[in-house]
Amino acid sequence: MAYFLLTTTLLILSGLYLHERSSRLRLNQTERRLRNEQKDLHHSLEEQRSKAMGNLEAVFNSMADGVLILDADDRIVRVNPSLQSIFGIEKELVGQSVMEALRMHQVKELIDQTHIEASSKESEIEFPDLKNRVLRVNASRLTASNDGRSGGAVLVFHDLTESKQLERTRTEFVANVSHELRTPLTLIKGCAETLSDGAIHQPEAAQKFVDLIDKHVNRITFLIEDLLIISKLESGQVSLNLQTVDLNEMVSKILDDFEIRRSSWPVRD
């Protein structure tokens, strides 16, 4: 009986030992699998982070607008190639202040306002040292943590020079066209009023005023034709028809055309 109990106990203990060993082996295998999965996940996250950083770097460097990033001490930590191109700067800017790098107090004041008011600011600034280039500068404050302290700022410089020049050109163009239209219309109206007041019954005077009306109508017609051609050029509706021409014949034709137009201009005292 004692032998049976001993044997049974040994069998039970052996079974428990084998079960524990099997469990330990399964646990070790699980731990190794989890460690491998953790390594794979960490490697995958690193690859994704590296790819994302590469994409951001590519976007940052290819932006047409100039970008300047400042740290909490308002020292430059990053600039993109467009910013250096806009300001014609080839030297290293990292570590410098905005005043040291750009020497523009308007930009420094914009950054100070951004920090004081804790909000984004925008300003149009003309840079005389850059051939009167006009830039729209957007400044945004960065926060370092949840306590609201400044973590620096990011500035974006958008070149408005070309659009401003186009705007001025259009304004001048409209003013010139308005003048060119107003002058003949005023003369035509004056001639018509004079004819209505009785000059129409005086053949010699009536013919003079009719001739003036005809000339100024032609002047307006030529002006409208020029405007239509400009409109077609801007909309891309006019295509070039390249061909060989006789230069002497073309110049003669142009001179004849200008002579016809000149004859329609009013005689000035």
Side-chain angles (χ1 to χ4, degrees), residues 62-68 79-90 98 101-110 120-139 155-190 212-243 245 247 250-269:
S62 63
M63 289 180 63
D65 292 341
V67 181
L68 182 118
V79 297
N80 69 341
S82 293
L83 181 101
Q84 292 185 294
S85 176
I86 289 173
F87 288 92
I89 299 174
E90 297 181 358
V98 171
L102 307 182
R103 301 188 182 280
M104 290 298 300
H105 65 88
Q106 297 98 321
V107 178
K108 179 64 169 62
E109 291 172 358
L110 186 65
S120 299
K121 290 294 178 182
E122 179 181 305
S123 177
E124 286 188 11
I125 303 175
E126 184 172 345
F127 294 79
D129 295 340
L130 300 177
K131 299 180 180 180
N132 296 321
R133 180 172 287 181
V134 180
L135 301 177
R136 183 176 65 230
V137 186
N138 295 87
L155 285 80
V156 178
F157 296 78
H158 180 69
D159 196 345
L160 298 175
T161 306
E162 184 175 349
S163 62
K164 290 291 184 181
Q165 290 175 345
L166 288 174
E167 183 179 339
R168 284 194 292 268
T169 300
R170 287 183 181 277
T171 301
E172 293 172 359
F173 177 75
V174 170
N176 290 332
V177 170
S178 298
H179 174 74
E180 291 296 324
L181 284 173
R182 187 181 295 111
T183 300
L185 286 174
T186 300
L187 290 172
I188 290 172
K189 183 178 180 181
L212 282 173
I213 291 174
D214 182 64
K215 288 181 179 180
H216 290 294
V217 167
N218 288 334
R219 181 180 177 184
I220 294 174
T221 301
F222 288 134
L223 180 60
I224 293 174
E225 289 177 354
D226 291 341
L227 292 176
L228 290 174
I229 291 174
I230 292 174
S231 176
K232 289 180 179 179
L233 288 171
E234 289 183 343
S235 62
Q237 296 180 10
V238 176
S239 59
L240 296 178
N241 182 20
L242 301 178
Q243 56 181 318
V245 297
L247 188 59
M250 176 171 287
V251 171
S252 298
K253 184 178 180 181
I254 292 174
L255 290 176
D256 292 341
D257 183 54
F258 273 109
E259 183 63 28
I260 294 173
R261 296 191 182 201
R262 188 178 67 83
S263 64
S264 67
W265 296 346
V267 178
R268 298 183 180 179
D269 297 333

To the closest 0.5 Å, what do you measure between [atom1] ([X]) and [atom2] ([Y])?
X: D159; Y: R136; atom1: CG; atom2: CZ; result: 10.5 Å
X: K108; Y: R103; atom1: NZ; atom2: CZ; result: 14.5 Å
X: I213; Y: N218; atom1: CD1; atom2: CG; result: 12.0 Å
X: E162; Y: R133; atom1: CD; atom2: CZ; result: 10.5 Å
X: L223; Y: H216; atom1: CG; atom2: NE2; result: 13.5 Å

Inset, instruction - Apply salt bridge (Lys or Arg N to Asp or Glu O under 4.0 Å) to E124 and list each qualifying residue two or more places apart in sequence or on a separate chain. - result: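 Salt bridge (Lys or Arg N to Asp or Glu O under 4.0 Å) list for E124, sorted by chain: K164.
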
Legend entry - Any residue meeting salt bridge (Lys or Arg N to Asp or Glu O under 4.0 Å) with K189, in chain and number order, not counting sequence neighbours: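 Not a single residue meets the salt bridge (Lys or Arg N to Asp or Glu O under 4.0 Å) criterion with K189.
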
Heavy-atom side-chain contact between [X] and [Y] under 4.5 Å:
X: V107; Y: I125; answer: yes
X: L102; Y: F157; answer: yes
X: H158; Y: N138; answer: no
X: L68; Y: V98; answer: yes
X: L181; Y: I220; answer: yes
X: T183; Y: R219; answer: yes

Legend entry - Exercise: identify the closest heavy-atom pair between A139 and L155: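 What the structure gives for the nearest pair is CB-CG, 4.1 Å.
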
Inset, instruction - Work out which heavy atom in L110 is nearest to a heavy atom in S123; give both atom names and the distance. - result: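 Scanning both residues, the minimum pair turns out to be CD1-CB, 4.1 Å.
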
Inset, instruction - Please confirm whether the backbone N or O of V156 pairs with a side-chain atom of D65, one donor and one acceptor, at under 3.5 Å? - result: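 No; zero donor-acceptor contacts below 3.5 Å.
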
Legend entry - Any donor-acceptor N/O pair, T186 side chain to R182 backbone, under 3.5 Å: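 Checked: pair present.
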
